[in-house]
Every structure is written in C-alpha cells, then in structure tokens.
Amino acid sequence: MEKKAIGVFDSGLGGLTAVKQLLKVLPEENIIYFGDTGRVPYGNRSNDTIKKYALQDARFLLKNNVKMVIAACGTVSSVAGDLHDNIGVPYTGVVNPTVYTAVRTTKNNRVGVIGTSATISSHSYKRRLQEENPDIRVFEQDCPLFVPLVENGFIDRTDPLVILTIERYLNKLKENDVDTLILGCTHYPILREAIQYVMGSNVTLIDSGMETAYYTKKVLRREGLLTEDNNSGNCKFFVSDTPDGFERVASIFLGRKIDDSVTQIDIEEY
Ligand code: DGL
C-alpha cells in the first residue's frame with residue numbers, strides 16, 4: 001500500500017519553496033502539491049474569495065487521502081484561519097511557525113513583515129508577534145509587485161528592475177532599523193538574495209516555508225504520523241491551469257529538476 005502523503009497547497013508556485021524544505025527535512029515522506037495556477041494571485045482578492053478557494057484546495061488534497069494539510073501560503077494562513085475546523089487531519093499554515101522563530105531571532109525587538117496586501121491588512125503576523133512578545137515593534141509592508149516578478153522569473157539580484165522594486169518597498173523598513181525580516185509570502189524566498197542585498201547582511205531573513213517544514217515534522221511526530229518506510233518519498237504535482245512550462249519554473253523554486261508527474265485538475269469541482 002502506498003504511504004499516505006503530506007498535502008501542500010498554494011495559490012501558485014510559491015508553496016514549492018516550502019516543498020523544497022520538506023524534501024530536506026522529511027525526505028522519506030510522499031508529498032502531493034496543488035498549485036492554483038489558474039487563479040493566482042490570491043493576495044489582492046477579498047477575504048471571502050480567498051476562504052472559498054482555500055477550502056476547495058484543501059478538499060482536493062483530502063480527496064487524495066493526505067495525512068496532513070499545509071497551507072504553504074501566507075495569504076491563506078492569514079485570512080482563512082478557520083480552515084483547520086473543516087479539515088479532519090492535522091493542519092498548519094505558515095504564520096505560527098514563522099512567528100515562533102522570529103521572536104527568538106530579533107535582538108533589538110524591531111521586526112519587519114512583508115507579504116501580499118491581504119496578508120498585511122489582516123495584521124496576522126503582527127498580532128501573533130505581539131502576543132508572543134508585547135515589546136516587539138512590528139513594521140509591516142505589502143509588496144504587491146513581488147509575486148508577479150517571481151512568477152515571471154524576474155529574480156536576479158543583478159537585475160536593476162528587481163533591485164529598484166525591492167528598494168521601493170523595503171527602504172522604509174531599513175530606515176526603521178529592523179534586525180529581522182519575515183518573508184511572509186512563500187513566493188519571496190525566491191527573491192531572497194536580492195532582498196538580502198537591499199536590506200544588508202546584518203538583517204536576518206525568516207523564510208516562512210522553511211519554518212513550516214520544521215514545524216510539520218514536529219506535528220507528524222507528535223501525532224505518530226511519520227512514515228516508518230525509509231525509502232525516499234515521491235512528489236505528485238497538480239495545477240489548475242496548463243502544466244506546460246510548470247516543470248521549468250517549478251525547478252527554479254525547488255532548486256532541482258522535476259521529473260515527477262504534473263497533472264491539471266478542475267478545482268471548481270471541489
Ligand atoms: N504565495 C502566496 C503567499 O504566501 C501568495 C501569492 C498570491 O497568490 O498572491 O501569500
């Protein structure tokens with residue numbers, strides 16, 4: 001019998017930055033990834049629409065009998081917090097694991113958060129950071145052009161377009177002397193080098209995908225759901241728009257070639 005998979009979803013390709021980390025942290029586990037490439041981006045949609053999409057995405061994964069669901073999307077994690085009530089298997093978004101690490105990283109208690117417009121206007125990261133430590137000052141900035149940049153492959157730190165866009169959004173955070181910056185959208189680790197260049201080497205960047213992968217391992221262990229099979233796991237990829245070109249762009253996100261299957265589904269059926 002095939003081992004049960006971990007289900008991961010995002011509005012598009014960003015969640016693959018979490019998959020990249022899962023492959024390192026839990027190499028024996030099977031993974032089913034759904035990228036809602038037909039409806040990306042989520043980050044500038046209404047909360048009701050984001051909640052509806054998130055529930056459909058999770059239902060698709062549950063139909064595939066996953067043992068855990070990860071919303072590898074800052075926007076869904078921020079706006080559709082009640083998703084875990086409708087799931088019936090362990091669930092995590094990216095906000096809590098990321099906040100956990102950020103509060104332990106900052107030395108000057110000045111933390112920056114960047115994300116999509118929906119994420120930033122929900123103040124999800126800010127609220128959780130200040131619940132953990134009320135002395136932390138949080139500086140928030142939405143960066144609506146980052147997702148289109150990444151989805152179109154503009155990620156190079158030597159590209160003036162990339163650097164100018166990042167500077168436009170992040171200069172205020174720099175002036176506010178943050179020592180820790182949460183990449184609150186799973187697309188942003190792809191711009192990591194360029195963001196680090198703009199912010200300077202003394203600012204620590206926190207990758208929400210990476211923190212979520214570590215947290216997932218803890219949850220599976222706690223629930224007794226880690227696989228006992230030591231063979232490498234497999235990945236299956238599903239998308240809601242044409243899979244053409246997915247392998248190429250996805251390989252940038254995953255940092256390795258994709259030779260696994262990529263299948264198109266109709267997400268409106270779920
Ligand atoms: N990767 C997603 C996030 O983490 C969002 C991108 C979008 O659909 O706007 O917020």
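The first residue of the sequence shown is numbered 1, and numbering continues consecutively from there. Read the numbers this way: they start at 1 and go in the same order the structure lists the ligands and their atoms.
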Discussion item. With ring pair (Phe, Tyr, Trp, His ring centres under 6.0 Å) as the criterion, how do Y100 and Y215 come out once you've worked through the C-alpha distance, each side chain's angles and the decisive distance to 0.1 Å?
Written reply: CA-CA 10 Å; Y100 178 88; Y215 180 70; 8.3 Å; no

Practice prompt. Check the angle between the aromatic planes of F60 and F238 and answer parallel, tilted or perpendicular using the 30° and 60° thresholds.
Written response: perpendicular

Practice prompt. Determine the sole option in K217, K67, R221 for which the salt bridge (Lys or Arg N to Asp or Glu O under 4.0 Å) test with E29 is passed.
Written response: K67

Please produce the table of protein N or O atoms sitting under 3.5 Å from N or O atoms belonging to ligand 1, one pair a line, distance to 0.1 Å.
residue  : atom   : partner : partner atom : Å
ligand 1 : 1 (N)  : D10     : OD1          : 3.1
ligand 1 : 1 (N)  : D10     : OD2          : 3.4
ligand 1 : 1 (N)  : T186    : OG1          : 3.0
ligand 1 : 1 (N)  : H187    : ND1          : 2.7
ligand 1 : 4 (O)  : G74     : N            : 2.6
ligand 1 : 4 (O)  : T186    : N            : 2.8
ligand 1 : 4 (O)  : T186    : OG1          : 3.2
ligand 1 : 8 (O)  : S11     : OG           : 2.6
ligand 1 : 8 (O)  : Y42     : N            : 2.6
ligand 1 : 9 (O)  : Y42     : N            : 3.4
ligand 1 : 9 (O)  : G43     : N            : 2.8
ligand 1 : 10 (O) : G74     : N            : 3.3
ligand 1 : 10 (O) : T75     : N            : 3.0
ligand 1 : 10 (O) : T75     : OG1          : 2.6

Fill in: F9 ring center within less than 6.0 Å of Y33 ring center
no

Practice prompt. Can you sort out the partners of D57 under salt bridge (Lys or Arg N to Asp or Glu O under 4.0 Å), two or more places apart, ordered by chain and number?
Written response: R39

Fill in: Quiz item: cation-pi between R157 and Y197, 6.0 Å / 45°
yes

